[in-house]
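Only this structure's heavy atoms are used, side chains among them; waters, hydrogens and symmetry mates stay out. Along the sequence shown, residues carry numbers from 1.
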Amino acid sequence: MTERFVSHYNQVSCAPFFFYFFLCLFGYFQVDCSSSSFHYSSPKTTHFCPPDQSLALLQFKNETFSNPGYYATCNEEVFYPKTNSWTEGTDCCSWDGVTCDNVTGNVIGLDSSCSRLEGSIDDNSSLFHLSHLQSLNLAFNDFGGSQISPEIGRLKELTYLNLSRSFFGGLLPYEISHLSKLTHLELSLNEWTIEQKTFDFLVSNLTNLSLLNLGTTNMSLIKSFSLLNLPSTMTYLDLSTAGIQGHFPDETFRLPNLQVLYLFGNDQLTGYLPNSNWSSPLRKLHISFTNFAGKIPDSIGNLPFLEIVHIEGCSFTGSIPSSIGNLTRATEIVFASNYLTGHLPHHVSGLSYLTTLDLSGNSLQGRVPSWLFTLPSLVSIDLSNNMLNGPINPFQSPNSLQEVRLQKNEIHGTIPNSIFQLVNLTYLDLTSNNLSGTVKFDMFSKLESLQYLYLSNNSLLSFTSSGNMDIKYSLPSLQELNLSNCNVNQFPRFLRNSGKLTSLDLSNGRIHGRISKHDSEGWKNLIDLHLSNNFLTHVELHPWQEIKILDLQNNKIQGSILVPPPSTQVFLVSNNKLSGQIPPSICSLSSLQYLSLSHNNLSGTIPSCLGNFSTELIILDLKNNSLEGHIHDTFANASSLRSLDLNSNKLEGPLPRSLANCNMLEVVNVGNNMISDTFPCWLGCLPKLKILVLRSNRFYGPLCKSNITLPFQALRIIDLSRNEFTGFLPRAIFVSMEAMKNVDQLLIDL
Ligand SMILES: *[C@@H]1O[C@H](CO)[C@@H](O)[C@H](O)[C@H]1NC(C)=O
Ligand SMILES: *[C@@H]1O[C@H](CO)[C@@H](O)[C@H](O)[C@H]1NC(C)=O
Ligand SMILES: *[C@@H]1O[C@H](CO)[C@@H](O)[C@H](O)[C@H]1NC(C)=O
Ligand SMILES: *[C@@H]1O[C@H](CO)[C@@H](O)[C@H](O)[C@H]1NC(C)=O
Ligand SMILES: *[C@@H]1O[C@H](CO)[C@@H](O)[C@H](O)[C@H]1NC(C)=O
Ligand SMILES: *[C@@H]1O[C@H](CO)[C@@H](O)[C@H](O)[C@H]1NC(C)=O
Ligand SMILES: *[C@@H]1O[C@H](CO)[C@@H](O)[C@H](O)[C@H]1NC(C)=O
Ligand SMILES: *[C@@H]1O[C@H](CO)[C@@H](O)[C@H](O)[C@H]1NC(C)=O
Ligand SMILES: *[C@@H]1O[C@H](CO)[C@@H](O)[C@H](O)[C@H]1NC(C)=O
Ligand SMILES: *[C@@H]1O[C@H](CO)[C@@H](O)[C@H](O)[C@H]1NC(C)=O
Ligand SMILES: *[C@@H]1O[C@H](CO)[C@@H](O)[C@H](O)[C@H]1NC(C)=O
Ligand SMILES: *[C@@H]1O[C@H](CO)[C@@H](O)[C@H](O)[C@H]1NC(C)=O
């Protein structure tokens, strides 16, 4: 696609003597100057850069500053200012990026791409003195949002113009349409706006245009029908992310030479795929995230060269034509996030080069056909979020598969053993299906490349240990494992050496007994551990350095609290059988955000540090224990605390006044204790307090006559029952409870 003009002037055989001498003086050519056998040779190869053009180039160098300090890459190569090699007194035809006509010597090509040029190309730019230029590449520079001068229209010999990603802005000058010899026009990734007039003249005057790239420019002013006039020479058209609106003309798909069409990211562009007369050379079709609709026509299967077809995030309906099964060259088929229905094709004859198939997020029905897994080049399948059902038949796989996503369907039956033979599998997600049967852990033993395994929410599936087998293999690459909600009967001991494991979810299972240090010793990188809703009695904790979430709720864990490592942010152990005191060392968890120890048998006093040990703490839930003594008056200013729940303990003394420091508080629940205090009018200043429960304590005296304006303005639920309050209900306090008046769900329990 890209025309390249190569300098033929690296070696000069001969020159008029005076010039030759001059060059030798400067030492630029390795020629034996002392040789007396020097002769003039054919004048055809003796042309050097004409002085005026040499000067123009030097001036251009002078006008555009190459910023040397700025190090970045350009198309995976290092930026290199080509103008560095341009020095006065040397033949400009030998300069980096400069190409001369090998007969006339005129400068016909200039490639200053990736040169970190800055400045602008204004009316006086020396560039416009290079009137013989046929090829100009200024891509990947930084012209700081400036407008390119309309004088560009004077470079009438240009056949190749590349201004990609060079930070031009403003309007694209209309004069660009004077460049009627252009075959390649690449203007992508700039900030300019293209007017209707410019575009219309451009497509009507550039009759030899083969490549047009206007991707990521602003074409919002273009009426899409003017695309009708594109020249039939077009092979490559990129109008992606350009804000084109309206209806895309079918005719464009019929341009006889079109190989590449990119329209993605124009969300206001509507259109249909044609039923017939497609451009037969089409290789790449990418129209994702547009508003194209209608059916995918059968005729798409007749495109013999089609390699890539991406129609993700459009509004296509109907079924997938079975003709796609004979796209012999396709490598990527992405039909995700449309409204496709019906079954997948039953039979395919092509697709032998297919690496990626993504049909996720549609409403496809029927079975997952087993031919899918047998495509010889397939690397990634995504059929997630459909309505596929039926069991997956056993298949003979060529092992190329690395990623399989079938989650959120209605697939039933057992997981075919063939899946466990995919030795190169890195990603398997079968979450939320209706799979059944029993998986023995050693079935995973061949999946040594596996990094992500998600099988959760298959309520008829179950997992059991394979006894001593489970310590004879390991999954060394595993990073995430989720077997939540699918009847895990034993702790998977093969995980012991999964040193890359970051997330493990075995919640809602049937694991009994103990998880020992030995079982989890290899998990150096563990971040999330979810073991809630099992029958565990002991969980021994490791000093995991990275752990953030530790969820052990709803088990039968006994003994005293084991304080997790200091990195912990979420520590949930409610509904267990913990006993003893809350150890003050829990206050070492200075990043803790959620702490729930409720519904255990904890006793003793609350450690005094608990009000101020973590400025991150959001939820503190200690309800339903046997905690006693005073609540320490240590709640700190910078507190993030939103919910404090101490209900159903044996706490005494007054409510700590420092709670008024916790500006984020939404819930204060101290019900069912023995707290003895007057009504906490001072909580009225908390702007977000929604729920205040004081029931069943020893609060006494009158409710307050608050002198704070608008106290309790966010309150929705207040429960004062079973206390020793006296006197009147002060009208003022309820009048100001604005939130209560505005919600339908409210409760006042006196
Ligand atoms: C434009 O130039 C850039 C940088 O050299 C290059 O990567 C890109 O392929 C060129 N575009 C065309 C159409 O030649
Ligand atoms: C480059 O610009 C400077 C001043 O900006 C001038 O002195 C110098 O002569 C210029 N060089 C060329 C080659 O134009
Ligand atoms: C001049 O260059 C063209 C291509 O640009 C090439 O085909 C031709 O052989 C060259 N002529 C000479 C004399 O080098
Ligand atoms: C172009 O050059 C002329 C004379 O040197 C100067 O007056 C004018 O301001 C320049 N224009 C721009 C756009 O630089
Ligand atoms: C079309 O190209 C011709 C030839 O270069 C030029 O004279 C004419 O001005 C161009 N027309 C438009 C509308 O750009
Ligand atoms: C278009 O290309 C053809 C064939 O190369 C050539 O004869 C013709 O002059 C070109 N047209 C323009 C406007 O450059
Ligand atoms: C594109 O250009 C139009 C018209 O000049 C302007 O209203 C719009 O804001 C521009 N869009 C973007 C994304 O710059
Ligand atoms: C498709 O091409 C055939 C043959 O050239 C022609 O008769 C027919 O009208 C074309 N159909 C469309 C929709 O352009
Ligand atoms: C392409 O697919 C269609 C529908 O499956 C089929 O009828 C046709 O024979 C196939 N063509 C080729 C060349 O395989
Ligand atoms: C599995 O992956 C390895 C390494 O990436 C590769 O060499 C091998 O060819 C793959 N196996 C198959 C059957 O594709
Ligand atoms: C799949 O399981 C869900 C939940 O158990 C159930 O509602 C649904 O009917 C099942 N679907 C099929 C096709 O068995
Ligand atoms: C409210 O009353 C208290 C004590 O009675 C007093 O210290 C405080 O300044 C008063 N606040 C306002 C806003 O009047």
Walk me through whether Arg405 and Asp429 qualify under salt bridge (charged side-chain N to carboxylate O under 4.0 Å, His left out).
CA-CA 5 Å; Arg405 291 174 170 84; Asp429 193 344; over 6 Å; no
Pair Gln553, Ser574: side-chain N/O donor-acceptor within cut-off below 3.5 Å:
yes
Cut-off 3.5 Å, side chains only: do Asn266 and Thr290 have a donor facing an acceptor?
no
Listed by chain and number, what are the ring pair (Phe, Tyr, Trp, His ring centres under 6.0 Å) partners of Tyr427, not counting sequence neighbours?
Tyr452, Tyr454
From His530 atom NE2 to Leu481 atom CG, the distance as rounded to the nearest 0.5 Å
11.5 Å
Do you see a donor-acceptor pair shorter than 3.5 Å between the side chains of Ser449 and Ser477?
no
Any luck finding a side-chain donor-acceptor pair between Ser445 and Asp442 under 3.5 Å?
no
Full working for side chain to side chain contact (heavy atoms under 4.5 Å, CB included) between Phe679 and Leu720
CA-CA 9 Å; Phe679 181 81; Leu720 308 178; 3.7 Å; yes
Asp358 side, atom CG; Ser380 side, atom OG - distance, nearest 0.5 Å
7.0 Å
Test applied, side chain to side chain contact (heavy atoms under 4.5 Å, CB included); reference residue, Leu644; option that passes from Leu610, Leu659, Asn669, Val667
Leu659
With no hydrogens and no angle check, is any side-chain donor or acceptor of Thr568 less than 3.5 Å from a backbone partner on Val570?
no
Give a yes or no on whether the backbone of Gly509 and the side-chain of Asn487 come within a donor-acceptor separation of less than 3.5 Å.
no
Other residues, nucleotides and ligands only: do more than 12 of their heavy atoms fall within 6.0 Å of CD on Gln558?
yes
Rounded at 0.5 Å granularity, tell me how far CD in Gln569 sits from CD in Gln593.
4.5 Å
Carboxylate-amine/guanidinium contact Asp677 Arg657, below 4.0 Å
yes
Does Asn723 use its side chain to pair, donor to acceptor, with the backbone of Asn697 at less than 3.5 Å?
yes
What do the steps show when you test Leu703 against Phe725 for side chain to side chain contact (heavy atoms under 4.5 Å, CB included), and what is the final call?
CA-CA 7 Å; Leu703 301 186; Phe725 289 119; 3.6 Å; yes
Side chain proximity check, Leu536 to Ile515, heavy atoms < 4.5 angstrom:
yes
Quick one: does any side-chain atom of Ser465 pair with a main-chain N or O of Gly467 as donor and acceptor, under 3.5 Å?
yes
Nearest 0.5 Å please: distance from the SG atom of Cys314 over to the CG atom of Asp267.
10.5 Å
Sequence neighbours left out, what passes salt bridge (Lys or Arg N to Asp or Glu O under 4.0 Å) with Lys548? Give chain and number order.
none
For residues Ile311 and Asn338, determine if any side-chain heavy atom of one lies less than 4.5 Å from a side-chain heavy atom of the other.
yes
Give a yes-or-no answer on whether the side chains of Asn672 and Asn647 include a donor-acceptor pair shorter than 3.5 Å.
yes
Qualifying disulfide bond (SG atoms under 2.5 Å apart) pairs, either residue in residues 479-511, two or more places apart
none
Does the gap between the ring centers of Phe444 and Phe420 come in under 6.0 Å?
yes
So, does Ser596 use its side chain to make a donor-acceptor pair with the main chain of Leu572 at under 3.5 Å?
no
Residues that Phe289 engages under ring pair (Phe, Tyr, Trp, His ring centres under 6.0 Å), provided they are two or more places apart
none
Pairwise disulfide bond (SG atoms under 2.5 Å apart) hits with a residue in residues 519-554, at least two apart
none
Is it true that a side-chain atom of Ser466 and a backbone atom of Met469 form a donor plus acceptor pair closer than 3.5 Å?
no
Full working for side chain to side chain contact (heavy atoms under 4.5 Å, CB included) between Leu504 and Leu495:
CA-CA 10 Å; Leu504 175 61; Leu495 292 175; 3.7 Å; yes
Output all residues satisfying salt bridge (Lys or Arg N to Asp or Glu O under 4.0 Å) with Arg514, sequence neighbours left out; order by chain, then residue number.
Glu540
Asp621 bridged to Lys623 by N-O distance under 4.0 Å:
yes
Is there a donor-acceptor contact under 3.5 Å from the side chain of Asn409 to the main chain of Met387?
yes
Of all residues at least two apart in sequence or in a different chain, which pass the ring pair (Phe, Tyr, Trp, His ring centres under 6.0 Å) check with Phe535?
His512
Please report the interatomic distance CG(Leu340) to OG(Ser360), rounded to the nearest 0.5 Å.
10.5 Å
Looking at Asn386 and Asn362, would you say the former's side chain and the latter's main chain have a donor-acceptor pair under 3.5 Å?
yes
So which atom in Ile419 and which in Leu447 form the shortest heavy-atom distance, rounded to 0.1 Å?
O-CD2, 3.9 Å
Sequence neighbours excluded, every pair satisfying disulfide bond (SG atoms under 2.5 Å apart) that has a member inside residues 539-623:
Cys587-Cys609
Does any non-hydrogen side-chain atom of Leu692 lie less than 4.5 Å from one of Asp719?
no
Show me the pairs that pass side chain to side chain donor-acceptor pair (under 3.5 Å) and involve residues 494-505, at least two apart or across chains.
Asp505-Ser507
Side chains of Ile675 and Ile631 in contact at under 4.5 Å (non-hydrogen atoms):
yes
Could you work out, with ring pair (Phe, Tyr, Trp, His ring centres under 6.0 Å) as the rule, every residue matching His310, not counting sequence neighbours?
His286
Do Thr438 and Phe463 have side chains that approach each other closer than 4.5 Å (heavy atoms only, starting at C-beta)?
no
Using 0.5 Å steps for rounding, measure from the OG atom of Ser603 to the CG atom of Asn600.
11.0 Å
4.5 Å side-chain heavy-atom contact, Leu651 and Val670
no
Sorted by chain and number, sequence neighbours left out, side chain to side chain donor-acceptor pair (under 3.5 Å) with Asn291 holds for Ser315
If only atom types and distance count, is the side chain of Glu652 paired as donor or acceptor with the main-chain N or O of His630 below 3.5 Å?
no
How would you list all residue pairs meeting side chain to side chain donor-acceptor pair (under 3.5 Å) that involve residues 575-587, not counting sequence neighbours?
Asn554-Asn575
Do Asp645 and Ser598 have side chains that get closer than 4.5 Å, going by heavy atoms?
no
Does Leu694 reach the side chain of Pro680, with side-chain heavy atoms less than 4.5 Å apart?
yes
Measure across Ser590 and Ser614 and return the closest heavy-atom pair with its distance rounded to 0.1 Å.
O-OG, 3.4 Å
Looking at Asn468, is its backbone amide N or carbonyl O close enough to the side chain of Asp470 to form a donor-acceptor pair, meaning the two atoms are under 3.5 Å apart?
no
Does Glu666 pair with Lys690 as a salt bridge, N-O distance under 4.0 Å?
yes
